[in-house]
Amino acid sequence: MNALKPSFYEQDTLQLSKTLLGKLLIHETSAGLISGWIVETEAYIGPIDQAAHSFNNRRTKRTEIMYGAPGFAYIYTMHNHTLLNVVSGKLGNPEAVLIRAIEPVEGIEFMIQSRGEHIHQTNQLTNGPGKLTKALQISNAQYGHPLFTKPLYIAEGKEIKTVSSGPRIGIDNKGEAKFYPWRFWETGNGYVSKKLGSNFENNLFT
DNA sequence: GTCGAGATCCTC
DNA sequence: AGGATCTCGACG
């Protein structure tokens, strides 16, 4: 499987959030290959986005990678969970796309092992940003990894027919930003993290 | 050094 | 609805 080239990431962050849907996220671990189609994303556009860690161009050790070239992994921990973002935007612009859910493709047995015994349904393996990193064995050690190179990379995947959008999840205390429709998912996909919210759902392509 | 908050997940 | 339980960032 060929990784998408660095130039793929040189597009507007909202556009990238949509075009990442259907792409294949792959981790080649020592145990074997684990992969899944990206089915849900969120955009974070630092300078103007209260919900972003880089809001108002806040620059810290953690957000530093967001200011670099697009296509690198911004990984951070919240509570006990690891979250994976794709750095986006031009060099110097601290933007990123959060990968919120994938649909398992290969290495499902590894996903089950990694996630633990309490999982009894395949659609519970990777339907959340903390879940999918655990399933794919992604950790903070991959902070800054270029996502166009092995062992952790993104490749072409499947065709997405319809994309939906709506407000992002878990940022209710972030003022106006909580209304921005910067969450994107494949319409009707059963591996998306939360059932909608039909009030806020918009179909972008039909 | 201390302290509070959080782009979550799981169980009750 | 609440708790787990870790990291970062702000403050001093």
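These values consider heavy atoms only, across backbone and side chains, with no hydrogens, waters or symmetry-generated copies. In this text the structure is predicted, and so the values were computed from the model without any measurement. Chain identifiers are assigned alphabetically (A, B, ...) following the order of the sequence lines, protein sequences preceding nucleic acid strands; residue numbering begins at 1 within each chain.
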Can you tell me how far C1' of dC6(C) sits from CZ of R62(A), to the nearest Å?
-> 12 Å
Provide, to the nearest angstrom, the distance between the NZ atom belonging to K131(A) and the P atom belonging to dT11(B).
-> 10 Å
Which whole-number value in Å describes the distance from N173(A) CG to dG4(B) P?
-> 17 Å
So what's dT5(C) paired with, Watson-Crick or G-U wobble, going by both distances under 3.5 Å?
-> none
If you pin H118(A) and I169(A) to their nearest nucleotides in DNA chain B, which one's is more 5'?
-> I169(A)
For N140(A) and for H81(A), locate the closest nucleotide of DNA chain C by heavy-atom distance; then report the residue assigned to the nucleotide nearer the 5' terminus.
-> H81(A)
Within the 6.0 Å centroid threshold, strictly below: Y67(A) and Y74(A) = no
For L98(A), which contact category applies under a 4.0 Å heavy-atom criterion: base, sugar-phosphate, or nothing?
-> base
Distance test, side-chain N/O of K61(A) to OP1/OP2 of dT7(C), below 4.0 Å = no
D172(A) has an atom CG; how far is it from atom P of dG6(B), in whole Å?
-> 11 Å
Does dT8(B) have OP1 or OP2 sitting under 4.0 Å from an N or O in the side chain of R100(A)?
-> yes
Go ahead and name the base partner of dA7(B); Watson-Crick or wobble counts if both distances stay under 3.5 Å, otherwise write none.
-> none
Are any of R58(A)'s side-chain N or O atoms less than 4.0 Å away from OP1 or OP2 of dA10(C)?
-> yes
Are a donor atom and an acceptor atom from the side chains of S88(A) and T13(A) found within less than 3.5 Å of each other?
-> yes
How close or far is atom C1' of dC8(C) from atom CG of N80(A), stated in whole angstroms?
-> 14 Å
Indicate whether OP1 or OP2 belonging to dT7(C) is found under 4.0 Å from a side-chain N or O atom of H79(A).
-> no
K194(A) NZ to dA7(B) P, straight-line distance once rounded to whole Å | 13 Å
Residues S164(A) and T187(A): side-chain donor-acceptor under 3.5 angstrom | yes
Using whole Å, report how far NZ of K134(A) lies from C1' of dT5(C).
-> 13 Å
If Ile, Leu, Val, Met, Phe, Trp and Tyr residues are connected whenever their side-chain heavy atoms lie under 4.5 Å apart, and connections chain through other members, are I119(A) and I102(A) in the same group?
-> yes
Contact class for R59(A) vs. all strands (heavy atom < 4.0 Å): base, sugar-phosphate, or nothing?
-> nothing
Look at the side-chain N and O atoms of T60(A) and state whether any lies under 4.0 Å from the OP1 or OP2 oxygen of dG9(C).
-> yes
Can you check the E64(A) CD to dG9(C) P distance for me, whole Å?
-> 11 Å
Have a look at R168(A) and say if it touches a base, only the backbone sugar-phosphate, or nothing, with a 4.0 Å heavy-atom cut-off.
-> nothing
With the 4.5 Å side-chain cut-off for hydrophobic clustering, are I169(A) and V192(A) part of the same group?
-> no
